[in-house]
Engineer: 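Take this structure, written in structure tokens, and hold onto it; I'll ask about it next.
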2 protein chains.
Amino acid sequence: MKIDPNTKTDLSAQIAKAIRDAIVEGRMIVDERLPSEAELAEQFEVSRPTVREALKRLAAQSLIRTQRGAFGGAFVKRLSYEEAYGQHVTTSTLLLSMNAVSFETACEARYALERACAPLACARRSADHLATMRAEIHRQTQPGLSDESFCASDVAFHRALVDAAGNPVLSYQLAGAVEAMQPLMNMITFTARSRETIERLHTRIADALDTQDAAAADTALHELEAYTLTLGHDVMAARARKAT
Amino acid sequence: MKIDPNTKTDLSAQIAKAIRDAIVEGRMIVDERLPSEAELAEQFEVSRPTVREALKRLAAQSLIRTQRGAFGGAFVKRLSYEEAYGQHVTTSTLLLSMNAVSFETACEARYALERACAPLACARRSADHLATMRAEIHRQTQPGLSDESFCASDVAFHRALVDAAGNPVLSYQLAGAVEAMQPLMNMITFTARSRETIERLHTRIADALDTQDAAAADTALHELEAYTLTLGHDVMAARARKAT
DNA sequence: GCCTTTAAATTGTCAGACATTTAAATGTAA
DNA sequence: TTACATTTAAATGTCTGACAATTTAAAGGC
């Protein structure tokens with residue numbers, strides 16, 4: 001491990017990259033201990049604060065964990081689904097909010113991904129998943145539910161649908177799309193009437209999973225996408241009217 | 001902004017979280033300038049190195065960028081698709097390699113997601129996308145191509161398929177799944193015979209997009225998934241034999 | 001043999017200093 | 001007045017040295 005002396009980029013960024021590459025390329029394995037900060041400083045010929053900044057960068061990406069005390073230090077960390085999931089949601093949310101992604105684009109992506117899960121979910125759904133979906137549907141019919149709570153329940157319902165596919169990689173990938181959409185969905189004011197329509201479609205989806213009818217699930221998801229789009233357009237139109 | 005004095009977690013992690021929350025919740029907008037390191041140190045009542053470690057954590061997540069010189073400082077950064085994509089690929093790759101995800105699970109997720117794009121890709125594919133796909137197919141027929149190069153071309157082909165759907169959110173989400181699979185795919189030794197089969201299936205997919213036949217694309221992707229699975233199983237079986 | 005104490009190693013934090021970079025402000029000349 | 005060169009101030013980047021907090025292993029006492 002050697003670092004370049006005088007480029008444009010930060011030394012801490014270079015050091016972080018060197019270590020990150022070692023981990024990603026498998027030259028360092030999970031739970032392997034990195035040299036101490038003092039040793040790294042010596043190896044890279046920089047000071048300890050610089051090494052520390054590099055290590056914090058890696059810690060922010062959940063690539064290492066640190067432990068204090070004798071025989072402590074920095075260790076290569078096993079990336080868990082939970083952490084990867086959290087990072088993915090954060091990144092996706094920011095990406096949508098900072099880049100003016102249209103409601104249509106986000107909606108289309110979300111439902112395309114959910115339809116990808118539907119056949120697998122029909123084949124593998126457990127009683128547990130079905131119960132979760134029914135419970136969320138029931139919650140959505142409660143009067144006096146705030147728009148935010150309704151959206152949260154909606155996310156929970158769709159997460160159950162995704163998880164029912166029984167593929168953790170799929171769950172991880174899709175969680176970002178579904179959860180990152182929530183702020184966009186929260187813009188919508190759900191009238192009693194639209195809630196009823198959504199609840200009916202949710203019920204059809206749950207029924208399709210129950211009877212393992214992939215085609216019916218696909219159709220219901222298409223209709224739900226179309227209905228969500230019209231709701232979104234109504235909100236936009238209402239805002240445009242108010243603006244004039 | 002105030003920070004807790006004596007919890008278990010690092011001060012720099014707490015500070016990073018406070019600022020990250022401010023960004024994610026929209027209390028700070030893109031290109032807004034953060035207070036200087038000295039000012040942040042004063043506000044949070046910590047030293048400047050601690051603040052710097054916090055800022056490096058945020059920089060590692062592409063949430064801020066820093067600029068030296070007068071009127072420089074840390075600014076909220078607009079998260080680009082490219083950066084989000086890079087982070088997503090890194091995270092996904094590590095998640096797969098560190099958690100012993102089975103070849104079957106990864107394969108299933110990948111093709112389920114690609115099938116989700118297929119109908120959109122059929123509707124919207126441009127001449128450019130088709131040309132890219134044909135070019136990669138041609139490359140895959142070159143004799144003497146290494147397994148690694150063949151895999152890289154395969155990834156390029158599938159990326160073109162995903163991009164053809166014309167939905168950046170979808171491209172971003174799927175890139176992680178497709179690209180993170182590459183190390184797993186690189187394990188496979190592609191015989192001349194298997195390359196020929198894959199090329200035939202790729203051609204069918206390209207043809208389906210060309211004629212905008214979504215059903216044909218779906219079928220071809222299903223067959224390609226099944227064939228990839230058998231190739232993977234052959235490799236596993238060969239290894240098992242060698243191990244005895 | 002078990003418990004307590006001690007010592008050592010390592011990260012977490014701080015203070016202060018200097019180097020480097022950048023843009024605005026200022027000054028100067030055409 | 002405008003264009004260009006110089007100065008200056010603000011900010012990050014880096015270093016040195018130190019001390020605090022934490023944790024484990026080893027030493028020592030019973």
Side-chain angles (χ1 to χ4, degrees), chain A residues 1-20 22-23 28 30-77, chain B residues 1-20 23 28 31-77:
Chain A
M1 289 196 197
K2 265 290 169 62
I3 221 65
D4 24 5
N6 40 14
T7 60
K8 205 81 180 180
T9 54
D10 293 0
L11 292 179
S12 67
Q14 293 178 38
I15 294 169
K17 181 179 185 327
I19 299 175
R20 177 163 43 239
I23 296 174
M28 302 200 72
V30 167
D31 289 334
E32 186 174 341
R33 183 180 178 277
L34 276 72
S36 72
E37 294 177 355
E39 285 168 330
L40 286 172
E42 201 175 352
Q43 285 182 28
F44 287 115
E45 297 176 15
V46 297
S47 67
R48 192 158 85 93
T50 303
V51 168
R52 281 183 62 79
E53 288 179 7
L55 293 180
K56 296 312 169 198
R57 294 179 118 107
L58 299 175
Q61 295 180 301
S62 302
L63 290 178
I64 62 170
R65 63 190 156 77
T66 55
Q67 199 176 334
R68 281 178 38 164
F71 293 74
F75 298 83
V76 178
K77 183 173 177 174
Chain B
M1 288 198 197
K2 265 292 169 63
I3 220 66
D4 25 5
N6 39 15
T7 60
K8 206 78 179 184
T9 54
D10 292 358
L11 292 179
S12 68
Q14 293 178 39
I15 294 169
K17 181 176 186 330
I19 300 175
R20 177 162 43 241
I23 297 174
M28 302 200 70
D31 289 332
E32 184 173 340
R33 184 179 178 280
L34 276 71
S36 71
E37 294 176 354
E39 287 168 328
L40 286 172
E42 201 175 350
Q43 284 184 28
F44 288 115
E45 298 177 16
V46 297
S47 67
R48 191 158 86 93
T50 302
V51 167
R52 281 183 63 76
E53 289 178 7
L55 293 179
K56 295 312 168 197
R57 293 179 117 106
L58 298 175
Q61 296 181 299
S62 300
L63 291 178
I64 62 170
R65 64 190 154 77
T66 56
Q67 200 175 335
R68 274 165 65 149
F71 294 73
F75 297 84
V76 177
K77 183 173 179 176

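Here is how names work: the chains are called A, B, and so on, in the same order as the sequence lines, proteins then strands, and each is numbered from 1.
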Engineer: Would you list the atom pairs, donor with acceptor, under 3.5 Å between side chains in residues 46-60 of chain A and any protein atom, with sequence neighbours excluded?
Structural biologist:
| unit_1 | atom_1 | unit_2 | atom_2 | d |
| --- | --- | --- | --- | --- |
| A/Ser47 | OG | A/Thr50 | OG1 | 3.3 |
| A/Arg48 | NH1 | A/Glu37 | OE1 | 2.4 |
| A/Arg52 | NE | B/Glu53 | OE2 | 2.7 |
| A/Arg52 | NH1 | A/Glu37 | OE1 | 3.4 |
| A/Arg52 | NH1 | A/Glu37 | OE2 | 2.8 |
| A/Arg52 | NH2 | B/Glu53 | OE1 | 3.3 |
| A/Arg52 | NH2 | B/Glu53 | OE2 | 3.3 |
| A/Glu53 | OE1 | B/Arg52 | NH2 | 3.3 |
| A/Glu53 | OE2 | B/Arg52 | NE | 2.8 |
| A/Glu53 | OE2 | B/Arg52 | NH2 | 3.3 |
| A/Arg57 | NH1 | A/Ser12 | OG | 2.7 |

Engineer: Ignoring backbone atoms, test whether B/Thr66 places a side-chain nitrogen or oxygen under 4.0 Å from the OP1 or OP2 oxygen of D/dG13.
Structural biologist: yes
Engineer: Applying a 4.0 Å non-hydrogen cut-off, can you work out what B/Arg65 is touching in the nucleic acid: base, sugar-phosphate, or nothing?
Structural biologist: nothing
Engineer: Suppose we call a contact any N or O donor and acceptor under 3.5 Å apart; does that hold for the side chain of A/Arg48 and the base of D/dG17?
Structural biologist: no
Engineer: Quick check on DNA chain C: between B/Ser12 and A/Phe71, whose nearest nucleotide comes earlier from the 5' end?
Structural biologist: A/Phe71
Engineer: Just so I know, are the side chains of A/Arg20 and A/Ile23 near enough to count as touching, which here means a heavy-atom distance under 4.5 Å?
Structural biologist: no
Engineer: At a heavy-atom distance below 4.0 Å, which nucleotide of DNA chain C is the first touched by chain A, and which is the last?
Structural biologist: C/dA8 to C/dT13
Engineer: Return whichever of A/Ala70 or A/Pro49 has its heavy-atom-nearest nucleotide of DNA chain C closer to the 5' end.
Structural biologist: A/Ala70
Engineer: Would you say the side-chain atoms of B/Glu39 pair up with the backbone N or O of B/Ser36, donor to acceptor, closer than 3.5 Å?
Structural biologist: yes
Engineer: Using C1' atoms of five pairs at each end, report the bend of the helix from C/dG1-D/dC30 to C/dA30-D/dT1 rounded to 10 degrees.
Structural biologist: 10°
Engineer: Rounded to whole angstrom units, what separation is found between the CG atom of B/Leu11 and the C1' atom of D/dA21?
Structural biologist: 12 Å
Engineer: Are B/Arg65 and B/Asp31 ion-paired here, with the side-chain N under 4.0 Å from a carboxylate O?
Structural biologist: yes
Engineer: Figure out the CD/P separation between A/Glu45 and D/dT14, and round it to whole Å.
Structural biologist: 15 Å
Engineer: Which whole-number value in Å describes the distance from A/Arg52 CZ to D/dG17 P?
Structural biologist: 18 Å
Engineer: Side chains of A/Ile19 and A/Leu63: does their closest heavy-atom pair fall under 4.5 Å?
Structural biologist: no
Engineer: Please give me the minimum heavy-atom distance between A/Pro35 and A/Leu40, naming the atom from each residue.
Structural biologist: O-CD1, 3.6 Å
Engineer: Identify, between B/Ser36 and A/Gln67, the residue whose nearest nucleotide on DNA chain D lies closer to the 5' end.
Structural biologist: B/Ser36
Engineer: Expressed as a whole number of angstroms, how long is the span from A/Glu53:CD to D/dT12:P?
Structural biologist: 12 Å
Engineer: Return the minimal non-hydrogen interatomic distance between A/Phe44 and A/Ile15, and the atom names on each side.
Structural biologist: CE1-CG2, 3.7 Å
Engineer: Strictly distance-based, threshold 3.5 Å: is any side-chain N or O of A/Arg33 a donor or acceptor partner for the main-chain N or O of A/Gly72?
Structural biologist: yes
Engineer: A quick test of your reading: do over 12 heavy atoms of other residues, nucleotides or ligands sit less than 6.0 Å from CD of A/Glu32?
Structural biologist: yes
